[in-house]
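Step one of this worksheet: look at the structure below.
All values below come from the heavy atoms of this structure, side chains included, with hydrogens, waters and symmetry mates left out.
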Amino acid sequence: MPYHSAPLDLAFHALSDPTRRAVVSRLVEGELPVSALAEPFNMALPSFAQHLKVLEDCGLIASEKRGRSRWCRLVQPRFEEAADWMEAERRRWTQRLDRLEVYLDNKEMGDDRQE
């Protein structure tokens with residue numbers, strides 16, 4: 001998995017906004033029409049639609065027209081890519097911290113022998 005990819009960068013950028021994270025949290029429960037998604041937010045619908053566009057442009061959500069409503073849903077692969085990146089980073093830092101712990105333990109043991 002590449003550590004730097006445009007789609008992944010866009011996904012993290014999209015998730016950096018609290019409104020967009022709240023939209024994602026609501027969509028975890030299932031598909032919703034834009035009107036229902038917008039209800040809890042104190043903003044004009046065009047402003048809210050811009051948040052949806054950012055989420056859709058980076059591949060985190062998809063939308064489709066159904067009758068007179070536009071429905072949104074999560075798109076799993078982009079979330080999986082982000083989760084895979086975070087897990088790889090977690091493993092990498094865990095390994096680094098484990099090596100640091102071993103180094104410090106060995107250094108401490110060496111200091112004890114010198115006293």
Side-chain angles (χ1 to χ4, degrees):
M1 154 145 316
Y3 283 108
H4 301 286
S5 74
L8 190 57
D9 292 345
L10 291 172
F12 281 119
H13 167 73
L15 293 171
S16 71
D17 182 89
T19 299
R20 293 190 287 265
R21 286 194 308 272
V23 167
V24 167
S25 292
R26 294 198 63 214
L27 289 174
V28 166
E29 301 299 320
E31 295 181 349
L32 286 169
V34 170
S35 58
L37 276 172
E39 275 178 17
F41 301 99
N42 187 21
M43 67 178 68
L45 193 56
S47 298
F48 184 74
Q50 286 297 319
H51 286 289
L52 296 180
K53 182 176 178 0
V54 171
L55 290 167
E56 194 161 12
D57 286 351
C58 73
L60 291 171
I61 71 169
S63 68
E64 67 176 297
K65 187 89 166 160
R66 293 185 196 161
R68 294 180 54 180
S69 298
R70 179 159 291 280
W71 285 71
C72 296
R73 63 177 170 78
L74 294 180
V75 177
Q76 197 64 31
R78 184 68 69 231
F79 286 99
E80 290 170 0
E81 181 181 351
D84 289 347
W85 181 85
M86 287 186 283
E87 177 58 25
E89 286 299 302
R90 187 197 64 74
R91 279 193 311 268
R92 187 167 69 119
W93 280 101
T94 297
Q95 290 170 351
R96 285 181 173 185
L97 291 171
D98 288 347
R99 287 194 306 267
L100 176 61
E101 182 179 25
V102 167
Y103 170 79
L104 293 174
D105 286 347
N106 288 338
K107 185 170 174 63
E108 187 176 281
M109 290 175 71
D111 289 347
D112 287 344
R113 285 187 227 148
Q114 293 176 353
E115 293 178 1

Checklist entry - What closest approach, in Å, do Val34 and Phe48 show between heavy atoms, and which atom pair accounts for it? => result O-CE2, 4.1 Å
Checklist outcome for this item: Rounding to 0.5 Å, atoms CG (Leu8) and CZ (Arg78) come to a distance of 8.0 Å
Checklist entry - According to a 4.5 Å side-chain heavy-atom criterion applied to Ile, Leu, Val, Met, Phe, Trp and Tyr, with indirect links allowed, do Val28 and Leu60 form part of one hydrophobic cluster? => result yes
Next on the checklist: For a 4.5 angstrom cut-off between non-hydrogen side-chain atoms, does Leu10 reach Asp57?
Outcome noted: no
Checklist entry - Sequence neighbours excluded, which residues qualify as ring-ring contact (aromatic ring centres under 6.0 Å, His included) partners of Phe79? => result none
Checklist outcome for this item: Output for pair (Leu45 CG, Gln50 CD), nearest 0.5 Å, gives 11.0 Å
Checklist outcome for this item: Here the pair of heavy atoms bringing Gly59 nearest to Val75 is O-CB, 3.3 Å
Checklist outcome for this item: Between the NZ atom in Lys53 and the SG atom in Cys58, the distance rounded to the nearest 0.5 Å is 11.0 Å
Checklist entry - With sequence neighbours excluded, what pairs up with Gln95 under the side-chain hydrogen bond (donor to acceptor under 3.5 Å, both in side chains) test? => result none
Next on the checklist: Would you say Val24 ends up clustered with Met43 if hydrophobic residues are merged whenever their side chains have heavy atoms under 4.5 Å apart, either directly or through other cluster members?
Outcome noted: yes
Item to check | Shortest non-hydrogen contact between Ile61 and Leu74, atoms and distance | outcome: CG2-CD2, 4.0 Å
Item to check | Nearest-0.5 Å distance that lies between atom CZ in Arg96 and atom CH2 in Trp93 | outcome: 4.5 Å
Checklist entry - With a cutoff of under 4.5 Å between side-chain heavy atoms, which Ile, Leu, Val, Met, Phe, Trp and Tyr residues group with Val102? => result none
Next on the checklist: Taking side chain to side chain donor-acceptor pair (under 3.5 Å) as the cut-off, I'd like each qualifying pair that reaches into residues 22-43, sequence neighbours left out, listed once.
Outcome noted: Glu31-Arg66
Checklist entry - Between CG of Asp84 and CD of Glu89, what distance do you get to the nearest 0.5 Å? => result 12.0 Å
Item to check | Single-linkage hydrophobic cluster Leu27~Phe41, side-chain heavy atoms < 4.5 angstrom | outcome: yes
Checklist entry - If only atom types and distance count, is the side chain of Arg73 paired as donor or acceptor with the main-chain N or O of Ala62 below 3.5 Å? => result no
Item to check | Pairing residues for Ser63 by the side-chain hydrogen bond (donor to acceptor under 3.5 Å, both in side chains) criterion, not counting sequence neighbours | outcome: Glu56, Arg70
Next on the checklist: Checking Trp85 against Glu81 for the side-chain contact (heavy atoms from CB on, under 4.5 Å) test, could you report, in this order, the C-alpha distance in whole Å, the side-chain angles of both residues, the deciding distance, and whether it holds?
Outcome noted: CA-CA 6 Å; Trp85 181 85; Glu81 181 181 351; 5.9 Å; no
Checklist entry - Measuring from Thr94:OG1 to Glu87:CD, what's the distance to the nearest 0.5 Å? => result 8.0 Å
Item to check | Minimum heavy-atom distance Cys72-Leu37, with the two atoms named | outcome: CB-CD1, 3.7 Å
Next on the checklist: Please check this pair: side chain of Arg20 against backbone of Leu55, looking for a donor-acceptor N/O pair closer than 3.5 Å.
Outcome noted: no
Checklist outcome for this item: Residues at least two apart in sequence or cross-chain that pass side-chain hydrogen bond (donor to acceptor under 3.5 Å, both in side chains) with Arg99, listed by chain then number, are none
